[in-house]
Amino acid sequence: QVQLVESGGGLVQPGGSLRLSCAASGFDFDKYIIGWFRQAPGKEREGVSCIDSHDVNAEDGTRDADFAKGRFNISRDNGKRTAYLHLYNLVPEYTAVYYCATVFRWYCELGLNEYSFWGQGTQVPVSS
């Protein structure tokens, strides 16, 4: 069955960087889009970035939320069946649980309802 497992979360200081990973199994990875989402304490889950199924590190194959531009970078390695989210210059307001999600599609969108399968999430506290 479809399975997504996030890793790489943990405490990071303001101004620091982190790379989150999303390891996939149970489906044809290169035919599924990947989205990264976050849920801060007391807030609704929201989209961060997504990447088309067929693109690897292609600028025109990704979409980012406005707040993510310049601080987040999504990529994927279809050979390793893994997607990544690089977080840069973090601030405490970015403390959240980060989730990856997937669905069988060619081009990605950031709407939560677009995605069928979700990982369990990885926590990223940003604090000094």
Side-chain angles (χ1 to χ4, degrees):
Q1 69 275 21
V2 174
Q3 188 173 17
L4 299 172
V5 179
E6 300 95 335
S7 62
L11 180 64
V12 60
Q13 292 186 343
S17 301
L18 208 60
R19 187 184 77 167
L20 306 181
S21 298
C22 173
S25 61
F27 61 99
D28 292 333
F29 186 69
D30 61 356
K31 294 182 174 59
Y32 284 62
I33 62 172
I34 294 292
W36 280 96
F37 299 82
R38 70 177 185 180
Q39 188 164 15
K43 295 187 177 181
E44 295 185 351
R45 194 173 300 187
E46 61 181 348
V48 177
S49 298
C50 68
I51 188 166
D52 295 342
S53 61
H54 53 290
D55 286 303
V56 179
N57 298 322
E59 291 185 0
D60 60 352
T62 64
R63 267 122 234 135
D64 301 305
D66 287 342
F67 67 81
K69 296 175 182 178
R71 291 188 185 272
F72 297 81
N73 183 56
I74 189 171
S75 62
R76 65 190 293 161
D77 185 331
N78 286 352
K80 294 182 178 180
R81 302 177 57 84
T82 302
Y84 305 96
L85 184 69
H86 289 80
L87 293 68
Y88 303 98
N89 195 21
L90 290 169
V91 295
E93 292 76 18
Y94 284 14
T95 292
V97 178
Y98 286 77
Y99 300 88
C100 63
T102 191
V103 66
F104 177 75
R105 287 186 64 172
W106 192 252
Y107 295 107
C108 78
E109 296 181 31
L110 277 174
L112 272 71
N113 294 332
E114 303 291 334
Y115 292 81
S116 301
F117 305 98
W118 293 79
Q120 293 300 306
T122 183
Q123 294 200 17
V124 179
V126 182
S127 175
S128 56

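Below, all heavy atoms of this structure are taken into account, side chains as well, without hydrogens, waters or symmetry copies.
You'll find the side chain of Asp28 stays beyond 4.5 Å of the side chain of Phe104, heavy atoms only. Between Val124 and Tyr94 there is no side-chain heavy-atom pair separated by less than 4.5 Å. No side-chain heavy atom of Cys108 sits under 4.5 Å from any side-chain heavy atom of Ile34. For the pair Tyr99 and Leu112, the minimum side-chain heavy-atom distance is 4.5 Å or more. In this structure, the side chains of Asp52 and Arg63 come closer than 4.5 Å at one or more pairs of heavy atoms.
Taking the six-membered ring for Trp and thresholds of 30 and 60 degrees, Tyr84 and His86 have ring planes inclined between 30 and 60 degrees apart.
Taking the six-membered ring for Trp, Trp36 and Phe72 have ring centres at least 6.0 Å apart.
Counting all heavy atoms, side chain and backbone alike, Gly47 lies closest to Ala65 at O-CB, 3.4 Å. Residue Leu90 comes nearest to Val12 through the heavy atom pair CD1-CG1, 3.6 Å, listed as atom of the first residue, atom of the second, then distance. Heavy-atom minimum distance, Val48 versus Ala68: O-CB, 3.6 Å.
By the 6.0 Å contact criterion, CD on Gln120 is open, its count of non-hydrogen atoms from other residues, nucleotides or ligands being 12 or less.
A donor-acceptor distance shorter than 3.5 angstrom exists from the side chain of Glu6 to the backbone of Cys100, with no hydrogens or angles considered. The closest donor-acceptor contact from the side chain of Thr82 to the backbone of Lys80 lies under 3.5 Å. Side-chain N or O atoms of Arg19 include none that pairs as donor or acceptor with a backbone N or O of Gly8 at under 3.5 Å. Proximity of a side-chain donor or acceptor of Arg81 to a complementary backbone N or O of Ala24 within less than 3.5 Å is detected.
With His54 as the fixed residue, the ring-ring contact (aromatic ring centres under 6.0 Å, His included) test singles out one of Tyr32, Tyr107, Phe29: Tyr107.
A cation-pi arrangement is absent between Arg105 and Tyr115 under the rule of less than 6.0 angstrom and at most 45 degrees off the ring axis.
Legend: residues meeting side chain to side chain donor-acceptor pair (under 3.5 Å) with Ser49, ordered by chain and number and at least two apart, are Asp64.
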